[in-house]
**Student:** 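My questions all concern the structure below.
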Amino acid sequence: MTDANKLIVLDMAGTTVADGGLVERAFERAAETIGVAPGSADHTAKLQYVRDTMGESKISVFRHLFGTEELARRANSAFEQAYGELVDGGLIAPIPGAREAVEKLRADGRAVVLTTGFARVTQDAILDALGWQDLADLTLCPADAGGRGRPYPDMVLTAFLRTGAVADVRDAVVVGDTAYDVLSGLRAGAGIVAGVLTGAHDRAKLTGNGATHVLGSVAELPGLLERESGA
């Protein structure tokens with residue numbers, strides 16, 4: 001195998017992990033601690049923004065919503081705590097076939113990196129709950145890439161630098177369920193930037209933001225790469 005498609009950068013929630021809307025539930029808890037009344041127009045508008053920016057670093061979302069760094073950090077801490085409690089309650093599961101897809105990709109000699117817009121403590125809670133701490137070659141959150149999450153390319157480029165799996169970033173593959181996942185892959189220069197239909201955004205949103213491929217789920221990724229390589 002050449003270097004082509006040997007670095008695989010996968011999103012977590014919505015792409016490899018089914019969280020059943022926990023982001024929205026955790027946001028509602030966090031917003032209430034900041035004084036946003038459930039059912040209010042302000043609450044509705046802020047929740048819609050959270051939906052629209054799925055995939056972005058959560059602290060960045062809270063900075064936009066609450067205006068000051070202090071409020072953003074309070075909201076982010078409350079969000080992380082609430083999400084962690086929901087995860088600990090057993091309310092997440094793998095996307096069907098996700099674990100097997102990652103194992104197949106690695107068995108084929110590809111490096112797999114799991115990325116998230118969550119903080120490291122939340123990412124680790126998810127990995128622990130699923131028994132995935134050793135599933136991938138590397139796991140990254142925004143802090144591991146200098147603090148900027150999606151739609152910036154930083155996590156993809158950090159995966160490229162940290163793994164050394166490919167010599168050219170155009171040989172990287174980025175997969176996610178949101179427009180921000182797609183944008184981060186395109187901005188990094190990845191050759192394949194695939195959307196999946198198991199999370200926040202639909203086919204039109206993914207292709208409209210430049211996805212090179214749209215898959216039903218990440219379980220289809222090994223087959224796509226075998227076809228792309230002519231295997």
**Student:** Are a donor atom and an acceptor atom from the side chains of Arg120 and Thr139 found within less than 3.5 Å of each other?
**Tutor:**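 Yes, because at least one side-chain N or O of Arg120 sits under 3.5 Å from a partner of the opposite role on Thr139.
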
**Student:** If the condition is side chain to side chain donor-acceptor pair (under 3.5 Å), which residues does Ser57 pass it with, not counting sequence neighbours?
**Tutor:** none

**Student:** Can you tell me how far CG of Asp11 sits from OG1 of Thr16, rounded to the nearest 0.5 angstrom?
**Tutor:** 6.5 Å

**Student:** Return the CD to OG1 distance between Glu70 and Thr68, rounded to the nearest 0.5 Å.
**Tutor:**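 Answer for the CD-OG1 pair, Glu70 versus Thr68, is 5.5 Å.
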
**Student:** Measure the acute angle between the ring planes of His64 and Tyr49, then classify it against the limits of 30° and 60° as parallel, tilted or perpendicular.
**Tutor:** parallel

**Student:** Is it true that, when you exclude Tyr152 itself, more than 12 heavy atoms of the residues, nucleotides or ligands shown sit nearer than 6.0 Å to its OH?
**Tutor:**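 Result for OH/Tyr152: open.
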
**Student:** Compare every heavy atom of Val182 with every heavy atom of Asn209, then report the nearest pair and how far apart it is.
**Tutor:**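 That closest heavy-atom pairing would be O-CG1, 3.3 Å.
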
**Student:** Take a 6.0 Å sphere around CZ of Arg51 and say whether it holds more than 12 heavy atoms from other residues, nucleotides or ligands.
**Tutor:** yes

**Student:** So among Thr115, Thr178, Thr116, which one has a side-chain hydrogen bond (donor to acceptor under 3.5 Å, both in side chains) with Arg150?
**Tutor:** Thr115

**Student:** Which residue pairs pass the salt bridge (charged side-chain N to carboxylate O under 4.0 Å, His left out) test when at least one of the two sits in residues 28-42, sequence neighbours left out?
**Tutor:** Arg29-Glu85, Asp42-Lys46

**Student:** Could you tabulate the donor-acceptor pairs under 3.5 Å formed by side-chain atoms of residues 190-201, not counting sequence neighbours?
**Tutor:**
unit_1: Thr198; atom_1: OG1; unit_2: Gly14; atom_2: O; d: 2.7
unit_1: His201; atom_1: ND1; unit_2: Ala179; atom_2: N; d: 2.9

**Student:** Go through the side-chain N and O atoms of Glu220 and His213 and say whether any donor and acceptor fall under 3.5 Å apart.
**Tutor:**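 No, because no side-chain N or O of Glu220 sits under 3.5 Å from a partner of the opposite role on His213.
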
**Student:** With salt bridge (Lys or Arg N to Asp or Glu O under 4.0 Å) as the criterion, how do Glu100 and Lys104 come out once you've worked through the C-alpha distance, each side chain's angles and the decisive distance to 0.1 Å?
**Tutor:** CA-CA 6 Å; Glu100 293 80 3; Lys104 171 73 163 104; over 6 Å; no

